[in-house]
Structure formats: structure tokens, C-alpha cells
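Just below is one structure, and these are the notes that go with it.
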Amino acid sequence: MTLSTGAVPAASGAPADDLSLWPASTAHVSPGRLAVGGVPLDEVAEQYGTPVYVLDEQEVRDRCRAYLRDFPGAEVLYAAKAFLCRAMVHWVAEEGLGLDVCSAGELDLAVVTGFPPERIVLHGNAKSPDELRTALRLGVGRIVIDSSSEIARLAAIVPAGTRQKVLVRIAPGIAAGGHTKIRTGTADQKFGLSVTDGSAQHAVARILHQPGLELVGLHCHLGSQITAVRPYLAAVRRLVGLMARIREQHGTTLTQLDLGGGHGIAYRPGDDALDVPALARAIRAELADSCAAAGIPVPRLTVEPGRAVVGPAGIALYRVLAVKRTEGTTFVAVDGGMSDNPRPALYGVRYAPRLIGRPSTAATATVTVVGRHCEAGDILASDVELPGDVHPGDLLAVPVAGAYHLSMASGYNLVGRPPVVAVTQARPRLLVRRESPDDVRRRDIGL
Ligand SMILES: *Cc1c(COP(=O)(O)O)cnc(C)c1O
């Protein structure tokens, strides 16, 4: 399987029939009714209520396998922050990937679920002393140093006689990514240590002087929703150059090169997506060339996809509660919104929702799908085409909803975070239940 890209043309001419961005298992069960993983989506909505998130287990597994196939010999870490629950931990572990975590919370969930800690890498630009202690106690494989103050802080708590493997996060000075808020490769942002001002080299020297720390490689993560190969190749050249200088100055040969994630996916038909197999081939060639030119051995490559593994495997289902026709715009209001999907409000992301659960022969109308929250900016999808007879009680499905929705969900308006239902082999099963008023009350213990 290759990862589906937005460039795939629609199966039929009508935009409403374009299922190219949906999970591979998506099928029509009867006119207007869609099934994913063999389970009709309207039945999921009936059984579990709305809003509800549906996750196609096989799609997640297939995407993990595609990465391992596309990057032979490399290490693939799933970036947990895109979406994590215990089932995800199991699937990723079973498929042979490692895990990239950014907090003690993600780390704890993974380890208590049984994920091998040696296959976990801990990131973060501001790890607390407690988080570092937790990481050491749980036996995390590698910790990515992201600031100079972290070096002494970590070295001080490594048990005597042991060594913790670390990488250094480099800010390579490369601008890439779908939005300035998710560009993390430039020098002028909070992540990593800069090569141009020498802070990366300084940190490397200090780590090499710490007997409790074992520097195994360099890391960078350029940003998210990157659709071009070229920034990654520039990163390879810069990091290999730095590896060669480290070898020259310190006699240390680093064996790992972690290029992070950020692989862009399509959210609407026609959107650009990163061609992952092409990326893999180009990185492999660039790494071989750069290392040969620099006279260093080729390090083992690590990639850390999050969005591209889980994003296309998820679907958000909402119930229409109101349709309001104003002079300029028709608003279709649903029972979820910015609390389960903050991405449109954060980055202006566009989605392609679709009517499901019943057929419609009505001509399409241009509408704006809005959420239920108390902000005018709570817009899920502006200027999208839906059947003109859309009415309260209808179900809308938003594809490509698996990444950075629920992991960024908030408690706004105390509506309760939606459940997650896995669909596979024609069977739905609840992975994460809906957050109830009781859950909310239980945390709130003061008077
Ligand atoms: C967010 C992040 C990733 C994953 O990014 P995607 O865009 O989801 O692929 C990988 N590595 C690091 C360090 C990250 O911060």
C-alpha cells in the first residue's frame, strides 16, 4: 500500500462521491450510507451518540506497515501527540514501530499499557525535573536534549554507574511547514539548539563531558504538514555536516540521525500531500552522498510521523442541530466544534464534511458548518458544498480527523470530550468513552 495522497483523482466526477481521502475500507452500504471497517457510520452514531470519533484500526496498521516498507532499515517512531489511547499503543507496538512522547502523561500511558520503554524517545522543550525522573525510572530509551539547562538537570539525576542515551535537538535554520505556528525548524522559535549561533556545538561538548550521558545522535523536527521533500534533504546536509565536525573536534562518531516527522497529508480532495515513498528514497540517497562527502559512516535514520499515521484513519461524526439561513451565509450548526477540533480556529485549516446516513438528490448548496461553542470563530468548515436539503437530525462526517483533534481537545463549555470507537472487521468497539458530567464533577473538589 502507498499512503493515499490528495492528488488521487475522484473516483467519479461528483465531489460528493470523492472518497479518496477516506480510509481504504470505506464503502457504500446503500444509497447515501457509508461504512468504514465494515461498520455503517450512522449505526456508530446511533449506538454511541454524537459527536463521536471513529478510528479504522486496519488503516492505522496499514499506514504503520507502509512506513516500515518505505524506510527499510530505518527506525519509525509514531508521534504520540497526534493521538494516543491504549489501543493505539498496542497497534503501534504490534506493528513494530517505536514511540515518540512529549510528556510524562504520554509516557505513562504507553508504559502502563505495556509499550517497551527502550523503544520510546522523550521530547520536549521544557521537560520538568519530575518528567526527567519519571523517564529514567521507567527506562526510556532515549531523551532528546532541547536546551542547555537540561544537560546538567538530567546528568544530576542519572543513577551512578549508568548512562542515559541522549540526542540533541538541532534547530537547523530551515523554514518548512503548513503554518507559522507549526514551523519548528527555523532558528527563531522555541525548539532546539541553533547551529548558527554555536549553541548546538556548545551543548554537544557539554554532553560529551557528562559521564552519565551517552550522546548517540542528532535530532531535528522541521515542523508539521510539510508537503515538499526538499527541506528534509537540506536538514540531512546540515546535520551530517555537524556530525562530521563533532567527529573532527571530539573524535566521537554519532550513530543516529533522527529527522522528526511533519509529513503533510491532504484534508480536502486536491490538497497537496507529501509523497512518503519519494521522501524515503531521496533521504536515503542524500544521506549516502552527504556522509561519503563528509567522510563519516552513514548513521541509522529515524523518522517520527504522527499525523500521516493516524490522521486519515479517523472520522468525526456530528449531528446537525440547526440550519440558519442569513442573508449572506447558510450556517449548519452541529453538536461538536472547537472543543473537539481546534484546528480550524488555530491554523485556519479547511475540511470537507459530508452528509451521511441518508441519500439526497437535492442540488448542493454552499454552507458553513459551525460548532456549538460560544464563539463566532467556532467554525468547522466554511464555504463547503452540502446537499441543499440538509436539516436538523442529519449526520455529518468529517474525514481525516484522526490527528490533532482529540489530542488537542479542551473542556470548553463543559460539553465533555467525545468517545473514540474503533471499527474493524465489521465490528465497532469503544476505545475511549465519552467524558460525562460526573467526570467533570469528580475533578472539581473545592467549595
Ligand atoms: C509533532 C512532532 C512529530 C510529529 O509531527 P507530525 O506532523 O504529526 O508528523 C514528530 N517529532 C516531533 C519532535 C514532534 O514535535
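Here the structure is a predicted model, which is why all the values come from computation and not from measurement.
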Let me see the working for Leu317 and Ile356 under side-chain contact (heavy atoms from CB on, under 4.5 Å), right down to the final yes or no. CA-CA 9 Å; Leu317 302 182; Ile356 57 153; 3.8 Å; yes
What's the shortest heavy-atom distance between Ile120 and Ala110, and which atoms? CD1-CB, 4.1 Å
Find the distance between CG (Asp275) and CG (Asp70) and round it off to the nearest 0.5 Å. 8.5 Å
Is there a donor-acceptor pair closer than 3.5 Å between any side-chain N or O of Asn341 and the backbone N or O of Gly337? no
Do Leu218 and Leu242 have side chains that get closer than 4.5 Å, going by heavy atoms? yes
Would a line drawn from the ring center of His123 to the ring center of His219 be shorter than 6.0 Å? yes
Evaluate Tyr232 against Leu274 for side-chain contact (heavy atoms from CB on, under 4.5 Å), listing each step before the verdict. CA-CA 11 Å; Tyr232 290 98; Leu274 184 63; 4.1 Å; yes
Euclidean distance, Thr364 OG1 relative to Leu355 CG, rounded to 0.5 Å: 12.0 Å
Assess the side chains of Asp18 and Ser20: does a donor N or O sit below 3.5 Å from an acceptor N or O? yes
Distance (rounded to the nearest 0.5 Å) between Arg69 CZ and Cys64 SG: 11.5 Å
Between Glu95 and Arg63, is there a side-chain N and carboxylate O pair less than 4.0 Å apart? no
Please check if the side chain of Asp394 supplies one atom and the backbone of His391 the other of a donor-acceptor pair under 3.5 Å. yes
About how many Å separate OH of Tyr67 and CG of Leu77, when rounded to the nearest 0.5 Å? 12.0 Å
Would you say Arg238's side chain and Pro172's backbone share a donor-acceptor pair under 3.5 angstrom? yes
What is the distance from atom CG of Leu406 to atom CG of Leu84, rounded to the nearest 0.5 Å? 12.0 Å
Donor-acceptor pair, side chain of Arg237 and main chain of Glu286, under 3.5 angstrom: no
Side chains of Gln164 and Arg142, donor plus acceptor under 3.5 Å: no
Check: Glu131/Ser103 side-chain N/O donor and acceptor closer than 3.5 Å: no
From CG (Leu41) to CG (Leu396), nearest 0.5 Å: 12.0 Å
Is Arg358 salt-bridged to Asp389, going by a charged N under 4.0 Å from an acidic O? yes
Are any of the side-chain heavy atoms of Tyr404 and Leu346 separated by less than 4.5 Å? no
Just wondering, do Pro342 and Met408 contact through their side chains at under 4.5 Å, heavy atoms? yes
N-O pairing of Arg443 and Glu435 below 4.0 Å: no
Counting neighbours of CZ on Arg230 that are heavy atoms of other residues, nucleotides or ligands and sit closer than 6.0 Å, is the number greater than 12? no
Is there a donor in the side chain of Tyr318 and an acceptor in the side chain of Asp340, or the other way round, less than 3.5 Å apart? yes
Asp383 and Thr366: side chain donor to acceptor below 3.5 Å: no
May I ask you to decide if Lys81's main-chain N or O and Ser407's side chain share a donor-acceptor pair within less than 3.5 Å? yes
Do Leu301 and Phe71 have side-chain heavy atoms sitting under 4.5 Å apart? yes
Are any side-chain N or O atoms of Arg319 and backbone N or O atoms of Ala45, one a donor and one an acceptor, separated by less than 3.5 Å? no
So Pro40 and Arg33, do their side chains get closer than 4.5 Å, heavy atoms only? yes
Mind checking whether Thr302 and Leu257 have side chains closer than 4.5 Å, heavy atoms only? no
So, does Thr134 use its side chain to make a donor-acceptor pair with the main chain of Asp130 at under 3.5 Å? yes
For a 4.5 angstrom cut-off between non-hydrogen side-chain atoms, does Val432 reach Pro419? no
Could you tell me if the side chain of Val400 sits less than 4.5 Å from the side chain of Ile265, heavy atoms only? yes
Can you list the steps and then say if Arg354 with Leu34 is a side-chain contact (heavy atoms from CB on, under 4.5 Å)? CA-CA 10 Å; Arg354 171 187 180 111; Leu34 279 185; 3.5 Å; yes
Looking only at side-chain N and O atoms, does Ser339 offer a donor or acceptor that is under 3.5 Å from a partner on His373? yes
Under a 3.5 Å distance rule, please check whether Lys127 uses its side chain to pair with a backbone N or O of Val144 as donor and acceptor. yes
With no hydrogens and no angle check, do the side chains of Tyr351 and Arg343 hold a donor and an acceptor under 3.5 Å apart? yes
Tell me if a side-chain donor or acceptor on Ser224 pairs with a main-chain N or O of Gly262 at a distance below 3.5 Å. no
Check step by step if side-chain contact (heavy atoms from CB on, under 4.5 Å) holds for Val334 and Arg372. CA-CA 6 Å; Val334 299; Arg372 56 156 301 149; over 6 Å; no
Could you check whether any side-chain N or O of Asp146 sits under 3.5 Å from a backbone N or O of Arg169, counting only pairs where one atom can act as donor and the other as acceptor? no
Salt-bridge present (Arg442, Asp438; N to O < 4.0 Å): yes
Ring centers of Tyr53, His405 separated by less than 6.0 Å: yes
